[in-house]
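The structure appears right after this line, and notes come after that.
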Protein chains: 2
Amino acid sequence: MGITKTQIFTDKQNDLAQVFKVLGHPARVSILQYISNQNACICNDLVAEIGLAQATISQHLKELKSIGLLNGEVEGKSMCYCINVKRWTEIQSQLNSFFNTTKSNCC
Amino acid sequence: MGITKTQIFTDKQNDLAQVFKVLGHPARVSILQYISNQNACICNDLVAEIGLAQATISQHLKELKSIGLLNGEVEGKSMCYCINVKRWTEIQSQLNSFFNTTKSNCC
DNA sequence: TTTTATTATCGTAATATTGCAATATTAAAA
DNA sequence: TTTTAATATTGCAATATTACGATAATAAAA
């Protein structure tokens, strides 16, 4: 079928998986790292920096925004994206909580 | 085109994204949580527990194995899966390192 | 040895994702 | 106002993922 059966999982499981999923693409990892390495906001140096078309970068930015990881601010005719620190920390906690709670047993 | 351009990213970025990607499905999150909640190894109670077909569960287990997160042991006619604690901790560190390194600037 | 139970693999259908060219949209600059 | 630059959106082709039935493989039980 091809469609994920989200109904059979809890909201927490779906949310967590969604966060993992959005982070699960090298372009998006790369975008986050690049933004963080700059001292100022990044606009679309990203297109030059990462070797993907403008439309593709824009799409990846959209997905990062969808989980609240990026703030975008209009700055003249360009966009200034930066990491939403509050959300960033929140997600880090969420993942650590998952890792700490899901402990191993057996074998 | 539909194919991820892994060549333009570093190995580290690709590895990290791959880990995120494997964790980015609610069934796999759920499988990990279920295995961890049992005191003994799980075999295919998973099929009964999670509402997915046996073939589908088997496929998800395979992906979790692909990043070294699960150990499988033959136990009679069933399989006993458990979390590879060493790898688990390793991945948790890797993710935390990413989160800590990728700090915010700007805005 | 035959049956039964458990798991893995194969083939396939449905859907999602990735990537890009083309085209909007927006706002500054001329 | 027209042009220009930056970003977003649309439409599409290629590929990947999800899910499952059918079937193979394996090992215990009968």
Side-chain angles (χ1 to χ4, degrees), chain A residues 1-9 13-14 17-31 34-35 40-67 70-82 107, chain B residues 1-9 13-14 17-31 34-35 40-67 70-82 107:
Chain A
M1 285 150 206
I3 189 166
T4 297
K5 291 189 156 178
T6 49
Q7 343 81 262
I8 66 176
F9 304 105
Q13 286 169 335
N14 285 316
Q18 184 57 28
V19 167
F20 277 129
K21 189 176 178 184
V22 169
L23 294 172
H25 191 289
R28 295 193 283 269
V29 166
S30 175
I31 286 172
Y34 185 72
I35 290 182
C41 270
I42 303 309
C43 316
N44 259 27
D45 314 329
L46 284 170
V47 177
E49 189 64 23
I50 302 175
L52 291 170
Q54 184 268 321
T56 309
I57 295 288
S58 192
Q59 208 173 274
H60 284 303
L61 287 169
K62 195 175 170 186
E63 294 197 59
L64 289 168
K65 272 184 283 179
S66 80
I67 56 166
L70 291 184
N71 289 331
E73 230 174 71
V74 178
E75 188 141 310
K77 40 187 171 183
S78 25
M79 280 296 287
C80 165
Y81 281 113
C82 59
C107 286
Chain B
M1 283 155 204
I3 188 166
T4 298
K5 291 190 158 179
T6 50
Q7 343 82 262
I8 66 175
F9 304 105
Q13 287 168 335
N14 285 316
Q18 184 56 31
V19 167
F20 277 128
K21 191 174 175 184
V22 168
L23 293 172
H25 192 289
R28 295 192 284 270
V29 165
S30 175
I31 286 171
Y34 185 71
I35 290 182
C41 270
I42 303 311
C43 313
N44 260 23
D45 313 330
L46 284 170
V47 177
E49 189 65 21
I50 303 175
L52 291 171
Q54 183 269 321
T56 308
I57 294 288
S58 192
Q59 208 172 273
H60 284 303
L61 288 168
K62 195 177 173 185
E63 295 196 60
L64 288 168
K65 273 185 280 181
S66 79
I67 57 165
L70 291 185
N71 288 331
E73 230 175 71
V74 178
E75 189 141 309
K77 41 187 170 184
S78 26
M79 282 294 289
C80 165
Y81 281 112
C82 59
C107 291

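Order of the sequence lines fixes the chain letters, A, B, ..., with proteins taken first and strands second; residue numbering starts at 1 for each chain. The figures that follow rest on heavy atoms only: side chains count, while hydrogens, waters and symmetry mates do not.
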Among [options], which nucleotide sits nearest the side chain of [X]?
X	options	answer
Ala55(B)	dT7(D), dC20(C), dT9(C)	dT9(C)
Met79(B)	dT18(D), dT18(C), dA8(C)	dA8(C)
Ala53(A)	dC20(D), dC20(C), dT18(D)	dC20(C)

Rounded distance [0.5 Å steps], CG in Leu61(B) versus CD1 in Ile35(B):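 These two atoms lie 6.5 Å from each other.
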
The reported gap from OG1 in Thr6(B) to CD in Gln13(B) (rounded to nearest 0.5 angstrom) is 11.5 Å

What integer distance in Å separates [X]:[atom1] from [N]:[atom2]?
X	N	atom1	atom2	result
Leu64(B)	dT17(D)	CG	P	14 Å
Lys5(A)	dA16(C)	NZ	P	14 Å
Glu73(B)	dT26(D)	CD	C1'	17 Å
Ile8(A)	dA19(D)	CD1	P	7 Å
Gln59(B)	dT9(C)	CD	C1'	10 Å
Glu63(B)	dT9(C)	CD	C1'	14 Å
Lys62(B)	dT17(D)	NZ	P	12 Å
Glu75(A)	dA5(D)	CD	C1'	15 Å

If every non-hydrogen atom of [X] is compared with every non-hydrogen atom of [Y], which pair is closest and at what distance?
X	Y	answer
Ile8(A)	Gly51(B)	CD1-O, 3.7 Å
Ala17(B)	His25(A)	CB-C, 3.6 Å
Ile57(B)	Val47(B)	CG1-CG2, 4.0 Å
Pro26(A)	Phe9(B)	CB-CD1, 3.5 Å

Does [X] place a side-chain N or O at less than 4.0 Å from the phosphate oxygens OP1/OP2 of [N]?
X	N	answer
Thr56(A)	dT18(C)	no
Tyr81(A)	dA6(D)	no
Ser58(B)	dT7(C)	no

Flag side-chain contact, heavy atom, 4.5 Å: Gln18(A) against Val22(A): yes

Are Leu52(B) and His60(B) side-chain neighbours, meaning at least one heavy-atom pair lies under 4.5 Å?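 In short, these two side chains touch, coming nearer than 4.5 Å.
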
Can you list, in residue-number order, the parts of residues 18-31 of chain B that come under 4.0 Å of DNA chain D, counting heavy atoms only? Lys21(B), His25(B), Arg28(B)

Determine the contact category for Leu52(A): base if any of its heavy atoms lies under 4.0 Å from a base atom, sugar-phosphate if only primed atoms, P, OP1 or OP2 are that close, otherwise nothing.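 Sugar-phosphate contact only.
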
Have a look at Ser78(B) and say if it touches a base, only the backbone sugar-phosphate, or nothing, with a 4.0 Å heavy-atom cut-off.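 The answer is sugar-phosphate, as Ser78(B) gets under 4.0 Å only of primed atoms, P, OP1 or OP2.
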
For Leu61(B) and for Phe9(B), locate the closest nucleotide of DNA chain C by heavy-atom distance; then report the residue assigned to the nucleotide nearer the 5' terminus.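 Going by which nucleotide is closer to the 5' end, it is Leu61(B).
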
Could you list the protein-to-nucleotides 23-30 of chain C atom pairs, N/O on both sides, closer than 3.5 Å?
none

Name all residues meeting the side chain to side chain contact (heavy atoms under 4.5 Å, CB included) criterion together with Lys65(B); count only those two or more places apart in sequence or in a different chain, and write none if there are none. Leu70(B), Tyr81(B)

Mark yes or no for whether Ser66(A), through its side chain, and Glu63(A), through its backbone, hold a donor-acceptor pair below 3.5 Å.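 Answer holds: yes.
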
